[in-house]
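Quick caveat: nothing in here was measured; it's all calculated off a predicted structure. All chains are named by letter (A, B, ...) in the order of the sequence lines, taking the proteins before the strands, and each is independently numbered beginning at 1.
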Number of protein chains: 2
Amino acid sequence: MTGPRTLPTQGAPRGRKRASHSLEAVLGAAVALLDEAGAPALTFRALAARLGTGVGTIYWYVSNKDELLDRATDHAIGGVLALVEGQPQSDDPIADLRAMAIALFDAIVDRPWLSAYFMRNTDVQGNSLRLYEKLGQPTLRLDLTPRQRFHAVSAITSVVVGTAADLGAEIPPEILDGTMDRDAYLARFAEQWRSLDSAEFPFVQEIVDEFAGHDDRDQFLAALELTLSGLRLQAGAG
Amino acid sequence: MTGPRTLPTQGAPRGRKRASHSLEAVLGAAVALLDEAGAPALTFRALAARLGTGVGTIYWYVSNKDELLDRATDHAIGGVLALVEGQPQSDDPIADLRAMAIALFDAIVDRPWLSAYFMRNTDVQGNSLRLYEKLGQPTLRLDLTPRQRFHAVSAITSVVVGTAADLGAEIPPEILDGTMDRDAYLARFAEQWRSLDSAEFPFVQEIVDEFAGHDDRDQFLAALELTLSGLRLQAGAG
DNA sequence: CCCCGGATCGAACGTCGTTCTAGTATCGAA
DNA sequence: TTCGATACTAGAACGACGTTCGATCCGGGG
């Protein structure tokens with residue numbers, strides 16, 4: 001009456017007899033909607049239409065939109081987790097950290113809607129905890145205190161989420177429609193910046209060319225590298 | 001017909017004759033609503049009620065909710081900018097960078113709604129550009145390439161926004177009502193984490209005590225320090 | 001005096017999340 | 001076979017939201 005008993009956080013849908021729509025189907029359709037047109041496209045009515053059911057049916061599997069979003073996010077993070085778990089372990093823990101952070105970043109670039117809901121996922125169990133564990137494991141091979149390890153992982157996730165969110169934010173609708181390409185968009189900004197008073201805005205003048213031609217991935221990699229080199233320094237001085 | 005001609009991004013409201021509600025008043029009320037009860041509290045009806053007007057009036061000053069949010073955010077960032085500009089410049093550029101980042105972080109902690117709208121503010125002009133400039137100026141005193149300076153500032157803002165967003169997300173309604181205090185909330189998580197299989201979750205087991213008693217500000221300061229020490233290393237090796 | 005344009009107002013529209021009631025299919029027990 | 005409980009489906013309805021629109025007010029220049 002309040003919903004299906006439990007959901008397997010992993011694995012195939014176990015013996016549900018003849019349900020035409022499982023929770024898995026709902027989540028899959030939700031993720032598809034999010035992928036196709038972002039967060040505003042995920043409405044109960046659109047989801048019901050896609051599944052060929054009524055809105056009431058969705059509420060049988062999920063108690064409200066927050067839970068739908070949480071479960072859909074966890075569903076998507078499952079994919080990232082699989083990727084990260086498939087990565088081979090190297091001799092250098094920091095290199096492993098880097099590889100995982102990049103995999104996570106790429107996943108968010110693929111699904112920009114993830115960044116908005118990534119941080120508010122307070123699930124104790126689920127895939128995000130498992131991902132957190134995976135991200136933390138390389139720090140166990142570093143000469144750090146538990147506190148330093150804790151801070152290191154949160155620093156790395158901050159960099160990933162922070163830059164990815166920044167990235168997802170800078171995409172106004174004009175550019176998604178193909179009306180205007182990214183370079184022209186950046187160039188318009190750059191031009192306005194160049195016209196600023198260079199006595200009042202010396203820094204902006206200094207970096208405007210870099211901004212005009214910047215690559216988001218390079219920007220992320222540079223930020224990540226700063227954190228990682230700080231971490232390497234910390235581990236070496238232990 | 002489409003709104004007031006322009007808005008002074010700074011300064012007193014100039015000679016508007018007898019408007020009972022200026023844009024400044026609208027923005028002030030909007031920020032007040034956001035401060036009192038967060039983003040969901042800011043609705044056109046609530047705002048109109050607070051101003052003692054109709055909803056239509058607000059649309060005279062602002063063309064839609066996105067613009068309202070952008071302007072309100074910029075309004076709030078003006079306060080941070082004033083704080084940052086009031087800080088004295090020291091001999092150490094990195095220390096200045098640190099101080100600014102901390103001021104920004106504290107401002108977001110004060111106004112958690114800022115984190116959500118901080119990144120999507122793509123205004124070319126306005127206070128966020130000025131703040132960006134201020135954040136970048138210390139890097140001019142560092143021995144770096146323009147590209148490195150550009151990356152350094154975006155790395156720092158990523159850390160600030162990333163951790164602040166993470167922080168704002170981990171506040172479920174129970175804790176804001178005073179129903180449950182933060183320590184008990186963290187302890188509940190910690191307990192569930194402790195019951196996990198330690199072979200499968202070695203890292204979580206390692207840091208669970210740190211997590212249970214962690215301070216958000218310390219977490220941010222640690223992440224910031226990693227980036228700054230990486231930056232110092234980069235500047236020294238120039 | 002009238003009129004014109006800046007400024008104000010609130011009813012109304014469409015969409016959203018959510019609730020509720022009615023309904024159908026399946027199965028074990030009587 | 002009948003009955004009721006359980007699992008699930010369906011869509012009308014409600015209130016709140018963002019937004020639009022025509023009506024209205026009001027001061028200053030003709």
Side-chain angles (χ1 to χ4, degrees), chain A residues 1-8 13-27 29-30 33-34 36-73 113 116-117 120 173, chain B residues 1-8 13-27 29-30 33-34 36-73 113 116-117 120 173:
Chain A
M1 292 171 164
T2 44
R5 336 188 165 285
T6 40
L7 72 159
R14 52 167 167 233
R16 200 187 304 281
K17 285 289 175 56
R18 66 181 51 245
S20 49
H21 305 105
S22 64
L23 177 62
E24 301 291 324
V26 171
L27 262 33
L33 281 174
L34 288 167
E36 286 165 17
L42 179 59
T43 68
F44 278 83
R45 277 172 250 264
L47 189 52
R50 193 186 190 93
L51 291 167
T53 70
V55 289
T57 303
I58 303 172
Y59 276 92
W60 174 257
Y61 294 100
V62 153
S63 65
N64 52 41
K65 190 164 187 181
D66 273 351
E67 188 183 324
L68 174 64
L69 240 11
D70 281 347
R71 289 211 143 93
T73 304
W113 53 271
Y117 299 101
R120 45 155 260 172
Chain B
M1 283 144 170
T2 44
R5 337 186 166 287
T6 39
L7 74 158
R14 52 170 168 224
R16 201 187 303 281
K17 284 288 177 55
R18 63 181 49 245
S20 49
H21 307 104
S22 64
L23 177 62
E24 300 292 321
V26 171
L27 262 32
L33 281 174
L34 288 168
E36 286 165 19
L42 180 59
T43 68
F44 278 82
R45 278 172 248 263
L47 189 52
R50 193 187 190 92
L51 291 167
T53 70
V55 288
T57 304
I58 304 173
Y59 277 91
W60 175 257
Y61 294 100
V62 156
S63 67
N64 53 41
K65 190 163 187 182
D66 274 350
E67 189 183 325
L68 174 63
L69 239 13
D70 281 347
R71 290 226 211 276
T73 305
W113 53 270
Y117 299 102
R120 44 154 262 175

Legend entry - Euclidean distance, E67(B) CD relative to Y61(B) OH, rounded to 0.5 Å: 13.5 Å
Inset, instruction - Quickly work out the L47(A) CG to dT15(C) P distance and round it to whole Å. - result: 18 Å
Inset, instruction - List for me each residue that meets salt bridge (Lys or Arg N to Asp or Glu O under 4.0 Å) alongside R50(B), sequence neighbours excluded, and say none if there are none. - result: E36(B)
Inset, instruction - Please state how far atom CG in L68(A) lies from atom P in dC16(C), giving the value in whole angstrom units. - result: 14 Å
Legend entry - K65(A) NZ to dA16(D) C1', straight-line distance once rounded to whole Å: 15 Å
Inset, instruction - Decide side chain to side chain contact (heavy atoms under 4.5 Å, CB included) for V55(B) and L47(B); before the verdict, give the C-alpha distance in whole Å, the side-chain angles of both, and the deciding distance to 0.1 Å. - result: CA-CA 8 Å; V55(B) 288; L47(B) 189 52; over 6 Å; no
Legend entry - Integer-rounded Å distance: dG11(D) P and L51(A) CG: 13 Å
Legend entry - From dT8(C), dC17(D), dC8(D), nucleotide with atom closest to Y61(A) side chain: dC8(D)
Inset, instruction - Only stems of 3 or more consecutive Watson-Crick or G-U pairs count here, both distances under 3.5 Å; name the ones for DNA chain D, or none. - result: C:4-30 with D:1-27
Legend entry - Length of the CZ-P vector between F44(B) and dC9(C), whole Å: 15 Å
Inset, instruction - Any chance you could measure F44(A), atom CZ, to L68(A), atom CG, to the nearest 0.5 Å? - result: 5.5 Å
Legend entry - Distance in angstrom units between W60(A) CH2 and dT6(D) P, rounded: 11 Å
Inset, instruction - Go through the steps for L23(A) and R71(A) under the test side chain to side chain contact (heavy atoms under 4.5 Å, CB included), then give the verdict. - result: CA-CA 10 Å; L23(A) 177 62; R71(A) 289 211 143 93; 4.2 Å; yes
Legend entry - Spatial distance of atom NZ (K65(B)) from atom OG1 (T43(B)) [nearest 0.5 Å]: 6.5 Å
Inset, instruction - Check every strand shown and say whether L42(B) touches a base, only sugar-phosphate, or nothing at a heavy-atom separation below 4.0 Å. - result: sugar-phosphate
Inset, instruction - Just compare dC17(D), dG17(C), dC9(C) and give me whichever is closest to any side-chain atom of T53(B). - result: dC9(C)
Legend entry - Nearest-0.5 Å distance that lies between atom OH in Y117(A) and atom CG in L34(A): 7.5 Å
Inset, instruction - Whole angstrom is fine here: how far is it from CD1 in I58(B) over to P in dC17(D)? - result: 12 Å
Inset, instruction - Map R45(A) and G54(A) onto DNA chain D by nearest heavy atom, then report which one ends up closer to the 5' terminus. - result: G54(A)
Inset, instruction - Sugar-phosphate atoms are those with a prime plus P, OP1 and OP2; base atoms are the rest. Using that split, label each nucleotide of nucleotides 20-25 of chain D B, S or - for protein heavy atoms under 4.0 Å, 5' to 3'. - result: B-----
Inset, instruction - For the residue pair L51(B) and T57(B), establish whether any side-chain heavy-atom pair is separated by less than 4.5 Å. - result: no
Inset, instruction - Would you give the length of the straight line joining atom CH2 of W113(A) to atom OG1 of T73(A), rounded to the nearest 0.5 angstrom? - result: 5.5 Å
